[in-house]
Every structure is written in C-alpha cells, then in structure tokens.
Amino acid sequence: MEIKRDLYLEQLKLRKDNGMIKIITGIRRCGKSFLLFVLFKKFLLESGVDSKHIIEIALDGIENAELREPEKCYQYIKESITDEKKYYLLLDEVQFMPRFEEVLNSLLRIENLDVYVTGSNSKFLSSDIVTEFRGRGDEIRIYPLSFAEFYSAFEGEYEDAWEEYMTYGGLPQVAQFQTERQKAEYLKNIFTNVYIRDVVERNKLQNVNEIDTLVDVLASAIGAPTNPTKIARTFKSERGINYSNKTISNHIEYLVEAFLISKADRYDIKGRKYVGANLKYYFSDVGLRNARLNFRQQEPTHIMENIVYNELLIRGYNVDVGIVEAYAKNGEGKTSRKQFEVDFVVNRGSQRYYIQVAYDMTSEEKQTQEFNSFRNIPDSFKKIVIVNGTKKPWRNEEGFVIMGMKYFLLNEDSLES
C-alpha cells in the first residue's frame, strides 16, 4: 500500500536544483526514506532523469558501513559522477556519518550535484543548518501521517478510521498492519528499542530508568501544564527518586531533539509576552504515547488536543498555549484576578487564530468553560472551538466558530473557512 505524502513531495519539487542542501528531518520511522527513495525518486525518473544520475546511499544499512567514513563517502560520490549532466544524491540517515557537515559542504562545490539528505535528530541537523551551512541548508520537517493521509489509505468509514487513529496513531508501518496486536506490539517495541535506545546512546546516559520514567510521566500529562520542578516533586513523592530539575530539563531536551515530543510555550495574550513556567508537552505520534502507557489512559479530550496540535504544526503554523487574565468581583464585592487558558494560539505570518479543543460541548457548563477564555481576549482574531464529530463550521451568536474534528482534519484550509 502506497500512502501519498503530497505535502512533502511538493516541498521537495519546489526546492529541486536550488543550489542548497535539502535536509529532511523527523522522528525515525515517520516515512523520510520512503519520501526520498520512493516518491521523490519516482518523480525524478518521470521527469526524465536517468537512473544512473541518481546516487542512493542509506547510511543505516550494513551494506554501506564503509561509506560512514567521511573521506570514503565523499570519494564514492565523486567517482559516481562521470559526466557533466545533473546528478541527484539521496543520502539517508546522515547522522550516522561523523563530520557529515564537512562532507556536505564539500559536495556543495560540485556544480552538477543536487543534494538531499535525511536525519532523525535535530541536534545533528537543525542547529548545523545555521552554523555550518551558512544559509545553504534547506530543512523540510516531516511528521507521521496526518489524519488526512491516514484516511486516504484506510478501508472503512470515518468513525472507524478516527478510532483507529486516536488509538494507534500515524506511523506509516502501523497503518500497514492488519491486527490490533501487531500494531500494539510494534509501537511498544520501537519505543523501547529504537527511540529510547537512540536517546540513551546519543547522549551517553547512564541511568536508563530515569528517562524511562520521565517518558511515562510526560505521556500521562499531555495537555497539562508542567515543568521540571513539578516533575521532580512527582518523582520524589510517588517513586522516592531524587531527580534534579537540571537533569530533567536536559532529558526533556533530548526527547525534543529526537522529535519524540514537542513543547508548546505559554503566551500571555493581553501582556503580549511569553511566560517561562508550565509548558505543555505533546507527543509527535499519539500511538507511541498510548503504547507507552499500555493503552490504558485513553482520555479522548487530551488525545484530540495532541492530534490538533500536531496537525497545526504539519500545516506550518507556530503554536503556543495561551493564557488571558481577567478581573471579576465576587459575591462580597471584592475584586479578584482569574486566569483563563486558551488551548492554542496559532500564528502564521499575519494570520492568528485562537483554538479550544473539546470532546463534548453539549452541556451549558462546558460551553461556559470554553467560551469564557474567548470572551476575555481583547482582539478580533478568529476564535474556534474544535469538537469531536462531523459538524461543518458554524458561528454562534457571539461570533465564535464551532467546527467538527472531521472538517478540521480533512480540509487543510479549515481555519480560514
């Protein structure tokens, strides 16, 4: 089964022959190699590129172990270029090569070579794009399957696809499995033997139990404000473990660098400033999060919130968690300050949206809870509540947009509509 990744393929097409190194980043097993070696290669061949002018190297394969040596890899590539026509280098998992920045910079000097590489760790890639390539590195971030991509290959109705996606997520391999047992075992296995192992080995961690437990804590707390101090207290009170704030901060950063989790900063809407404490963390794939907790904590609202967050990132938005303060008088006539939370403050260029995510909006109490945050925002940017279900967008009497999850996920311009 071939799942289309048109969003990313179009980005590669637009960057073709632009004189820069195209660097495809993202969590391992999210489809980077498939995008480059299958979909993009197919595009090149259909565009008339001779197969002999496509150089493919997968550095994570044992057959290419020798090419992990920088000098040998560079020499191999140079020797593969035998005429003056354009060549295309597809280099997979570049972080397996020491000093890869030197090799890539050297390849930039070959005028008839267009370079595409993949990597699975932002520490090895994103920072180096700025510091080493001096504006000649072009990053394309790829995510696990969006719901729209997943649904395009799903044989069944929307409701079944939605339940499946909420439980097992969007890693491409998982979508290929037929049974729930296969999906669950695969997710549990790669979390421990691929993702955690990568983090431990790359950062030379000694105490694996610490980061194992930290992942469990973060998985339980998606959608909830947290910080290293709060996590340290949890370790101390519930597990009797001394785990310093600094170590927790470092370990969280390692998980972010491996693309396992993302962090959403808190933004004071009225004060127009970022607030450092109590960030929110979301998993890049909800299936991995659920597998980590043995599929026990299936809170639909928090999982929906995680899925919406990932979808917004896929669409290229900057996403923060919003807070807005308001003053109100109590029954005794005293004025008190109250803080409301907006799930997401979403920005892209001049566009801004405020988004609340709610599984159920049928009760008056729930409507009041979601709308009160909007009522205290002092600007006129669009305010949207995304609810579970298939409803098309509609505006209430206050001008707030209520939108079903199906419409939001399957229409890439849903926020603008």
Side-chain angles (χ1 to χ4, degrees), residues 1-16 22-61 63-64 88-94 114 116-120 140-187 189-190 194 259 284-288 307 310-311 313-316 406 409-412:
M1 177 172 62
E2 182 175 299
I3 301 175
K4 293 182 179 180
R5 310 301 304 270
D6 290 344
L7 173 67
Y8 309 109
L9 183 58
E10 287 303 315
Q11 291 182 52
L12 286 178
K13 290 179 182 179
L14 288 172
R15 289 164 167 82
K16 179 174 172 284
K22 276 66 71 175
I23 303 179
I24 305 165
T25 63
I27 191 173
R28 290 186 69 178
R29 311 292 177 87
C30 72
K32 300 186 301 296
S33 302
F34 181 77
L35 172 67
L36 193 58
F37 285 84
V38 178
L39 299 179
F40 186 63
K41 181 183 176 182
K42 181 181 178 182
F43 161 73
L44 290 176
L45 293 171
E46 289 176 349
S47 300
V49 176
D50 191 313
S51 60
K52 294 178 182 178
H53 286 72
I54 302 174
I55 306 167
E56 302 175 62
I57 304 173
L59 289 177
D60 60 342
E63 72 277 8
N64 291 320
Y88 296 87
L89 172 63
L90 314 182
L91 184 58
D92 200 23
E93 299 294 3
V94 71
D114 196 22
Y116 301 78
V117 303
T118 76
S120 303
I140 300 165
R141 174 75 187 275
I142 181 171
Y143 295 85
L145 299 176
S146 68
F147 179 76
E149 290 172 327
F150 173 84
Y151 188 46
S152 70
F154 185 83
E155 297 179 0
E157 300 299 321
Y158 165 79
E159 287 76 12
D160 296 327
W162 175 236
E163 286 298 320
E164 181 91 2
Y165 191 77
M166 282 187 73
T167 304
Y168 299 110
L171 289 180
Q173 184 60 58
V174 176
Q176 312 280 347
F177 290 131
Q178 299 300 312
T179 69
E180 293 185 355
R181 181 175 179 178
Q182 283 179 309
K183 298 173 196 288
E185 288 180 352
Y186 175 80
L187 287 166
N189 180 57
I190 63 167
V194 176
F259 301 114
S284 61
D285 181 75
V286 294
L288 287 171
I307 290 171
N310 289 341
E311 179 67 26
L313 294 183
I314 290 169
R315 295 183 187 183
K406 180 180 180 181
L409 292 172
L410 296 183
N411 295 274
E412 62 179 80

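Counting heavy atoms of neighbouring residues, nucleotides and ligands inside a 6.0 Å radius, atom NZ of K4 does not exceed 12 of them. By the 6.0 Å contact criterion, CD on E63 is enclosed, its count of non-hydrogen atoms from other residues, nucleotides or ligands being greater than 12.
The shortest distance between side-chain heavy atoms of L409 and Y151 does not fall below 4.5 Å. The closest side-chain heavy-atom distance from F150 to V174 is not below 4.5 Å. L145 places a side-chain heavy atom less than 4.5 Å from the side chain of R5. Annotation: side chain of N310 is not in contact with side chain of D285 (no heavy-atom distance under 4.5 Å). Under the 4.5 Å side-chain criterion, counting only non-hydrogen atoms from C-beta, V94 is not in contact with I23. Between I3 and F34 there is no side-chain heavy-atom pair separated by less than 4.5 Å.
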Compile the donor-acceptor pairs under 3.5 Å between side chains in residues 35-47 and protein atoms, sequence neighbours left out, one pair per line.
| unit_1 | atom_1 | unit_2 | atom_2 | d |
| --- | --- | --- | --- | --- |
| K41 | NZ | E56 | OE2 | 2.7 |
| S47 | OG | F43 | O | 2.7 |

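Here the straight-line distance linking atom CG of L89 with atom NZ of K22 works out to 10.5 Å at 0.5 Å rounding. Interatomic distance, I142 CD1 to F259 CZ, rounded to the nearest 0.5 Å: 11.5 Å. Here the CD-CG distance, from Q173 to L171, works out to 9.5 Å after rounding to the nearest 0.5 Å. With rounding to the nearest 0.5 angstrom, the OG atom of S146 is 12.5 Å from the CG atom of L313. Taking NZ of K32 as the reference point, atom CD1 of I140 lies at 13.0 Å (rounded to 0.5 Å). The distance from atom CD of E93 to atom CD1 of I57, rounded to the nearest 0.5 Å, is 13.5 Å.
When every heavy atom of N64 is checked against every heavy atom of A58, the shortest pair comes out as ND2-O, 3.0 Å. Between C30 and P144, the shortest heavy-atom contact is CB-N, 3.9 Å. Across all non-hydrogen atoms, the minimal contact from L187 to G287 is CD1-O, 3.7 Å. Between M166 and V286, the closest heavy-atom pair is O-CG2, 3.9 Å.
Applying the salt bridge (Lys or Arg N to Asp or Glu O under 4.0 Å) test to pairs two or more places apart or on separate chains, those with a residue in residues 167-185 are E164-K183, R181-E185.
Classification of E412 and R315 as a salt-bridged pair fails, no side-chain N sitting under 4.0 Å from a carboxylate O.
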(request) Please lay out, stage by stage, how Y186 and R29 fare under the test side-chain contact (heavy atoms from CB on, under 4.5 Å). (result) CA-CA 11 Å; Y186 175 80; R29 311 292 177 87; 3.5 Å; yes
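With sequence neighbours excluded, the residues forming a side chain to side chain donor-acceptor pair (under 3.5 Å) with Y116 are D114, listed by chain and number.
Annotation: Y158 is in aromatic contact with F147 [ring centroid separation under 6.0 Å].
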